[in-house]
Amino acid sequence: MIKIEKSSEPKSWTSHRLTKGAVYEANDDLRNTLLKDQGYICAYCMRRIPAKDNNTTETSRIEHIKPQSTLSREEAMDFSNMVICCPGAITSTEHKLTHCDRHKAENPIHFSPLDTNFISTLSYKTDGSIVSSNKKYNNEINSILNLNIPILKQNRKEVRNTVISMLGKGNWSKAELEKILQRYSSKDADGKLPEYCGVVISYITKKLRQHS
């Protein structure tokens with residue numbers, strides 16, 4: 001995961017939210033704003049979105065970080081509580097293999113991809129596992145978001161290994177490492193971040209600390 005920076009809610013959503021008796025009902029402006037804010041990657045697993053997964057017609061899912069079932073009608077329309085996720089069925093819709101919002105359903109989590117302090121607890125193992133130094137967060141990453149299923153671990157491992165291979169055994173300067181960090185932290189001309197960019201950001205940040 002990476003820290004998500006949110007923009008202002010789209011005007012059409014503000015208009016809907018303030019309409020008397022309105023209820024949560026996603027529209028294209030809301031979905032597109034969330035996609036742009038996140039650089040077209042899933043808030044939790046960092047896959048490219050929109051995406052087409054097996055056995056589902058969904059290409060993305062708008063996620064309420066605080067479960068919608070726990071919120072009032074007005075709270076359910078709070079833009080600051082929304083992120084956008086992948087369909088969550090990269091290999092199967094079988095529950096043990098689903099992930100992100102699909103696996104989370106209405107279960108609460110005690111962290112947010114909008115929180116810098118939470119993001120700072122994350123790291124990635126050589127096998128591609130995502131882990132948190134906070135025991136509660138780490139348990140929820142696995143049991144509620146199911147982010148360490150084999151395919152996601154493999155995808156993160158491949159991205160990590162690509163960067164390690166690129167670095168080779170050379171003694172890279174701080175400036176060179178910062179250039180790579182900038183590349184994986186920035187959106188391209190189409191407003192997209194690299195898939196699984198958080199893995200590289202974490203790895204390069206550790207390398208930069210060695211230069212301190």
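Everything numeric here is computed off the predicted structure, so don't read it as measured data. Position 1 is the first residue of the sequence, and the numbers go up from there.
- Side-chain N/O atoms of Gln182 and Glu178 include no donor and acceptor closer than 3.5 Å.
- Counting heavy atoms of neighbouring residues, nucleotides and ligands inside a 6.0 Å radius, atom NZ of Lys187 exceeds 12 of them.
- One distance of note links CE of Met1 with OH of Tyr196; it measures 13.0 Å at 0.5 Å rounding.
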Before giving the answer on side-chain contact (heavy atoms from CB on, under 4.5 Å), spell out for Glu195 and Tyr40 the whole-Å C-alpha distance, their side-chain angles and the decisive distance to 0.1 Å. CA-CA 9 Å; Glu195 267 193 305; Tyr40 297 85; over 6 Å; no

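- Across every non-hydrogen atom of Ile204 and Leu177, the tightest pair is CG2-O, 3.4 Å.
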Evaluate the side chain to side chain donor-acceptor pair (under 3.5 Å) criterion for residues Glu63 and Tyr44: first the C-alpha distance (whole Å), next the side-chain angles of each, then the deciding distance (0.1 Å), finally the verdict. CA-CA 10 Å; Glu63 147 79 338; Tyr44 294 136; 2.7 Å; yes

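- Under the 4.5 Å side-chain heavy-atom criterion for Ile, Leu, Val, Met, Phe, Trp and Tyr, Val163 and Ile130 are members of the same hydrophobic cluster.
- The minimum heavy-atom distance linking Thr19 with Ser15 is given by the pair OG1-O, 2.7 Å.
- Side-chain N or O atoms of Lys52 include one that pairs as donor or acceptor with a backbone N or O of Thr56 at under 3.5 Å.
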Start with the C-alpha gap between Asn134 and Thr121, add the side-chain angles, then the distance that decides, and say whether side chain to side chain donor-acceptor pair (under 3.5 Å) holds. CA-CA 7 Å; Asn134 180 294; Thr121 73; over 6 Å; no

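- In this structure a side-chain-to-backbone donor-acceptor pair under 3.5 Å is missing from Asp37 to Lys6.
- A salt bridge does not link Lys104 with Glu140: none of the charged nitrogens is closer than 4.0 Å to a carboxylate oxygen.
- The SG atom of Cys42 sits 8.5 Å away from atom CG of Asp101, with the distance rounded to the nearest 0.5 Å.
- Side chain of His103 to main chain of Gly88: no donor-acceptor pair is present (N/O by atom type, distance under 3.5 Å, no hydrogens or angles).
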side-chain contact (heavy atoms from CB on, under 4.5 Å) for Leu35 and Ile49? Distances and angles first, verdict last. CA-CA 8 Å; Leu35 284 168; Ile49 47 175; 3.8 Å; yes

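- Counting only heavy atoms from C-beta outward, the side chains of Val200 and Thr162 never approach each other to under 4.5 Å.
- For His110 and Phe118, the distance between ring centers is not under 6.0 angstrom.
- Counting only N and O atoms by type, the side chains of Arg160 and Asn155 include no donor and acceptor under 3.5 Å apart.
- Side-chain contact check for Cys86 versus Cys45: some heavy-atom pair is nearer than 4.5 Å.
- Heavy-atom neighbours of Glu106 CD from other residues, nucleotides or ligands within 6.0 Å: above the threshold of 12.
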Just do the side-chain contact (heavy atoms from CB on, under 4.5 Å) check on Val131 and Tyr124 with the steps written out, would you? CA-CA 6 Å; Val131 296; Tyr124 300 86; over 6 Å; no

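- Legend: residues meeting side-chain hydrogen bond (donor to acceptor under 3.5 Å, both in side chains) with Arg31, ordered by chain and number and at least two apart, are Ser60.
- Within the 4.5 Å cutoff, side-chain heavy atoms of Asn161 are placed close to those of Lys157.
- A chain of hydrophobic side-chain contacts below 4.5 Å, direct or via other Ile, Leu, Val, Met, Phe, Trp or Tyr residues, connects Tyr184 to Leu208.
- Ion pairing of Arg47 with Asp53 is present here, as a side-chain N (NZ or NE/NH1/NH2) and a carboxylate O approach within less than 4.0 Å.
- Ion pair Glu58/Arg102 flagged as a salt bridge, since at least one NZ, NE, NH1 or NH2 atom sits closer than 4.0 Å to an Asp/Glu carboxylate oxygen.
- Asn81 is listed as a side-chain neighbour of Leu71, based on a closest heavy-atom distance under 4.5 Å.
- Under the 4.5 Å side-chain criterion, counting only non-hydrogen atoms from C-beta, Met46 is in contact with Val199.
- The hydrophobic cluster containing Ile4 does not contain Met82, counting ILVMFWY residues as joined when their side-chain heavy atoms lie under 4.5 angstrom apart, directly or transitively.
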Quick one, Lys207 with Leu181, criterion side-chain contact (heavy atoms from CB on, under 4.5 Å). Give me CA distance, side-chain angles, the key distance, then yes/no. CA-CA 10 Å; Lys207 284 285 185 183; Leu181 182 61; over 6 Å; no

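- Taking CD1 of Ile62 as the reference point, atom CD of Gln68 lies at 10.0 Å (rounded to 0.5 Å).
- For the atom pair CZ of Arg156 and CD of Gln154, the computed distance is 10.5 Å after rounding to the nearest 0.5 Å.
- Ring geometry for Tyr24 against His64 counts as perpendicular: the plane angle is over 60°, on a 0 to 90° scale with 30° as the lower cut.
- Going from atom CG of Asp29 over to atom CG of Asn27 covers 5.0 Å, rounded to the nearest 0.5 Å.
- At distances below 3.5 Å, at least one donor-acceptor pair connects side-chain atoms of Asn32 with backbone N or O atoms of Asp28.
- Of all heavy-atom pairs spanning Pro87 and Arg61, the tightest one is O-CD, 3.6 Å.
- With hydrophobic clusters built from ILVMFWY side chains whose heavy atoms lie under 4.5 angstrom apart, Trp13 does not share a cluster with Val83.
- Remark: the backbone N or O of Leu97 is not paired with any side-chain donor or acceptor of Glu94 at under 3.5 angstrom.
- Looking only at side-chain heavy atoms (C-beta outward), Ile109 and Ile141 stay at 4.5 Å or farther from each other.
- Taking all atoms of both residues into account, the shortest heavy-atom contact from Gln38 to Ala43 is NE2-N, 3.4 Å.
- The shortest non-hydrogen separation linking Asn148 to Gly128 is OD1-O, 4.3 Å.
- In this structure, Arg48 and Lys192 have side chains that are in contact, with non-hydrogen atoms separated by less than 4.5 Å.
- Contact of the Ile119 side chain with the Leu122 side chain is registered, since non-hydrogen atoms from C-beta on lie closer than 4.5 Å.
- Expressed to the nearest 0.5 Å, how far OG of Ser12 lies from CZ of Arg17 amounts to 11.5 Å.
- One finds a salt bridge joining Lys3 and Glu5 here, because a Lys/Arg side-chain nitrogen approaches an Asp/Glu carboxylate oxygen to under 4.0 Å.
- Closest approach of Thr70 and Glu75 over heavy atoms only: O-OE1, 4.4 Å.
- Hydrophobic clustering of Ile, Leu, Val, Met, Phe, Trp and Tyr side chains at less than 4.5 Å, counting indirect connections, keeps Ile65 apart from Ile84.
- Between the side chains of Ser132 and Asn138, no donor N or O sits under 3.5 Å from an acceptor N or O.
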